[in-house]
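Model, not experiment: these values are computed from the prediction. In this chain, residues are counted from 1 in sequence order. Note that these values count all heavy atoms, side chains included, but never hydrogens, waters or copies made by symmetry. Remember, it's 1-based here, ligands and their atoms both numbered in the order they're listed.
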Amino acid sequence: MTTPITVTYGDGIGPEIMKATLAVLKAAGADIAVEEIDVGEKVYLSGIATGIPDSAWDSLNKTKVFLKAPITTPVGEGYKSLNVTMRKRLGLFANVRPCVSYTPYVATKHPQLDVVVVRENEEDLYAGIEYQQSQDEVESIKLVTAQGCERIIRYAFGYARANGRQRVTCFHKANIMKQTDGLFLRLFREIAPEYPDIKADEMIIDIGTARLAASPEKFDVIVTLNLYGDIISDVAAELTGSVGLGASSNIGPNIAMFEAIHGSAPDIAGKDMANPSGLLLSSVMMLVHIGQPDVASAIHNAWLRTIEDGVHTGDLYKPELSTQKVGTQGFAQAVIARLGQKPQKFKPVSYRAGIRENIANITLKPRAAKTITLVGADIYVGSQGLSPAALAEKINHTVGGALKLQHISSRGVPVWPKGGDGVLLVDRFRCRFISEPSQAISYNDILAIQKNLSSLGLDIAKLETLRLMDGKPAYQG
Ligand code: NAD
C-alpha cells in the first residue's frame, strides 16, 4: 500500500537536497505519496512565531511520517525553535543518529567509526523551564522522569537488538547529579538485564566524550540524556568527515521525523554544491520505518557504491580519493545510475523486513507507590543586603513549631551557621527549614513559616518541599 508522507523543502540548501533525495526515492520505486507543507523561514516571517502553520500539523497528524529538509531560524527575539516545538508537540522522544566512517573514500582520522547515538529528546535541560529568581540569579530546571528514562533506555536496547548491534553504553553524570542522572543510571542498570543478548556498560559523560572523540571505534550504541546527546552526537558526526553525511530520525509513539543533522547552509544555498547524503540517508531510515526495507537497502547500497566509486560532492572531494566532483543533482543521478548495484569495498547493507525503528509499543513497567513523608522545605528568599548571619537572626525570631532553620546556603554552598568564607554571596539565599529528627510535618507548618517570612518583608522567590521517599531523603544539596 502506498504510504503517504509529509515533506517540507525547507530553506537554504533544503530545496536542492530534497529535490535530489525525492528523485532517488522515485527512481528506486519507493511506494510513497508526498504531501508538501510549508514550514520555516517564510512562515516565521509571516508572523507565526513557531514557524509552523496549523495546516502543517493537520498533514503530520494524518501521515505520521515527516521527511524534513533543514530550515533557517531567523535571528532575533520572538522566534521559537521549530525543532524543539516539533519534538515536544509530536512527542518525538528518541533522537537516533548513526555516525559511520567511509574510509578510505572519505577522509577521517577514525576509519573504524560506526556508532549510533540514541538521545532522549524531550526532557532534561531542554524542557525549557527557566526562571529569573532575583536580579542576580537565574535557573534552568533539569527535568527528568522515570517514564522518560525508561522509554529511551528500552528504545536503545530495542534498536540495538533490531539492528544487530552488540552493546549499549549509558553516558551519565550520576556522580554529581544524583537525582536526575542518578535515576537515569539506576533505570539503565535495572533494565539492561532484560536484554541479555546485548552487552551493557556505562561511562561518566566527561570521560565518555573524551574517549568517544579519541577512540570512537570502541563504541556501538550510546544512550544518554538530552543535552549530553546533543553534544556527543555532533562530536560523533564530525568525526565521520563531513557534516553533510549525517542522518537522523526522531521517533515518537505515533509520529516519526527524518532529517539530516546539518542546517540550511545559507553560504552554499542555490549553488548546487550541497551534499544531499544526510537527507538521503535519513530517507533510508524512513523507508525502513514505513516497512519498505528492500527499497531502503537498494538506495543505501547504491549510495555506498557511489561513494566508493569516488563520485563526490565538494565537501568530500579530494583529488587523491575522488574520481569525479559533482553537484547536488549530479550526485543524485550518480546514485540513481547505481541502483541495483552492491558496493564492492564497503559491506553491503541489508535491512530486514519487520524491523521497524518505531518501537511504538514500548511497555513501561508499573512502579510501586512509595511512601512520602513531608519533613521540611527549602525557601529561597531575597537577601535584602543582609549577611547570612543577620538573615538567620531575623528569621529565627519568628520560627517555631516543628520546623527549625537548619542552614542557609548561597548558590548551593552552605554559608550559615557554618561555611561562608570566600563564598560568593548574591542577592538570594536558600533557607532550609527541617524537622529534626526527621519527622512528618504538615503543609500547614510550611505555610506558617512562609507567612512569617512574608511578614518580615522578605521576597520569597521559590519553595521546594523536602520529602522522604520510603524513608530516604528525596533531595540533594
Ligand atoms: P549548517 O549546518 O547549516 O552549516 C555549517 C557548515 O557546514 C557550513 O559551512 C555549510 O556550508 C556546511 N554544510 C552544511 N550542510 C552541508 C551539506 N549538506 N553539504 C555541504 N556542506 C554543508 O549550520 P549553521 O551555518 O550553523 O546554520 C545555518 C542555519 O541552519 C541556521 O539558521 C540554523 O538555525 C539552521 N539549522 C537548522 C537545522 C534544522 O533545520 N534541523 C539544524 C541546524 C541548523
Side-chain angles (χ1 to χ4, degrees), residues 6-21 24 37-45 49-52 56 60 66-88 90 92 95-97 99 102 106-107 119 121 126 229-231 233-250 256-283 285-286 303 306-307 311-318 322 325-332 334-335:
T6 302
V7 159
T8 190
Y9 279 77
D11 304 314
I13 58 170
E16 300 159 59
I17 60 173
M18 183 58 84
K19 183 177 163 204
T21 298
V24 177
I37 58 167
D38 247 344
V39 299
E41 198 172 23
K42 249 193 301 181
V43 180
Y44 279 119
L45 298 178
T50 55
I52 315 165
L60 291 166
F66 188 22
L67 183 62
K68 175 179 168 285
I71 61 112
T72 301
T73 312
V75 179
E77 287 206 2
Y79 300 113
K80 290 189 182 160
S81 158
L82 182 131
N83 271 6
V84 173
T85 305
M86 291 237 160
R87 276 179 216 146
K88 285 189 178 167
L90 303 178
L92 306 176
N95 178 265
V96 183
R97 280 194 189 184
C99 301
Y102 301 100
V106 177
R119 158 189 170 195
N121 221 6
Y126 286 33
D230 195 6
I231 296 166
S233 55
D234 267 23
V235 170
E238 187 69 19
L239 297 176
T240 65
S242 170
V243 68
L245 296 172
S248 79
S249 61
N250 290 271
M257 176 172 98
F258 302 85
E259 64 172 349
I261 65 164
H262 58 74
S264 56
D267 51 334
I268 54 167
K271 297 180 179 163
D272 192 41
M273 281 169 67
N275 186 345
S277 297
L279 187 60
L280 184 62
L281 294 175
S282 303
S283 78
M285 294 170 95
M286 178 192 78
W303 180 84
T306 309
I307 295 292
V311 183
H312 295 162
T313 42
D315 55 320
L316 302 184
Y317 185 83
K318 293 239 170 353
S322 314
K325 188 172 182 177
V326 286
T328 311
Q329 307 313 321
F331 184 82
V335 175

Item to check | Polar contact flag, side-chain donor to acceptor under 3.5 angstrom, N83-S81 | outcome: no

Next on the checklist: Does any part of the side chain of F258, heavy atoms only, come nearer than 4.5 Å to the side chain of V96, both counted from C-beta?
Outcome noted: no

Checklist entry - Is any NZ, NE, NH1 or NH2 atom of the basic residue among D234 and R97 found under 4.0 Å from an Asp or Glu carboxylate oxygen of the other? => result yes

Next on the checklist: With heavy-atom distances below 4.5 Å as the criterion, would you say the side chains of H262 and I17 are in contact?
Outcome noted: yes

Enumerate the pairs of nitrogen or oxygen atoms, one from ligand 1 and one from the protein, separated by less than 3.5 angstrom; state names and distance to 0.1 Å.
unit_1, atom_1, unit_2, atom_2, d
ligand 1, 2 (O), G263, N, 2.7
ligand 1, 3 (O), G263, N, 3.4
ligand 1, 3 (O), S264, N, 3.2
ligand 1, 3 (O), A265, N, 2.8
ligand 1, 9 (O), D267, OD2, 3.0
ligand 1, 11 (O), D267, OD1, 2.9
ligand 1, 11 (O), D267, OD2, 2.9
ligand 1, 15 (N), H262, ND1, 3.3
ligand 1, 18 (N), H262, NE2, 3.2
ligand 1, 18 (N), N275, O, 2.9
ligand 1, 19 (N), N275, N, 2.9
ligand 1, 30 (O), S264, N, 3.0
ligand 1, 30 (O), S264, OG, 3.2
ligand 1, 32 (O), T73, N, 3.4
ligand 1, 40 (O), K68, NZ, 3.1
ligand 1, 40 (O), I71, N, 3.0
ligand 1, 41 (N), N83, ND2, 3.2
ligand 1, 41 (N), E259, OE1, 3.2

Next on the checklist: Could you report the tightest heavy-atom contact between L92 and M257, atom names first, then the distance?
Outcome noted: CD1-CB, 3.9 Å

Checklist entry - Taking atom CD of Q329 as the centre, does the number of heavy atoms from other residues, nucleotides or ligands within less than 6.0 Å exceed 12? => result yes

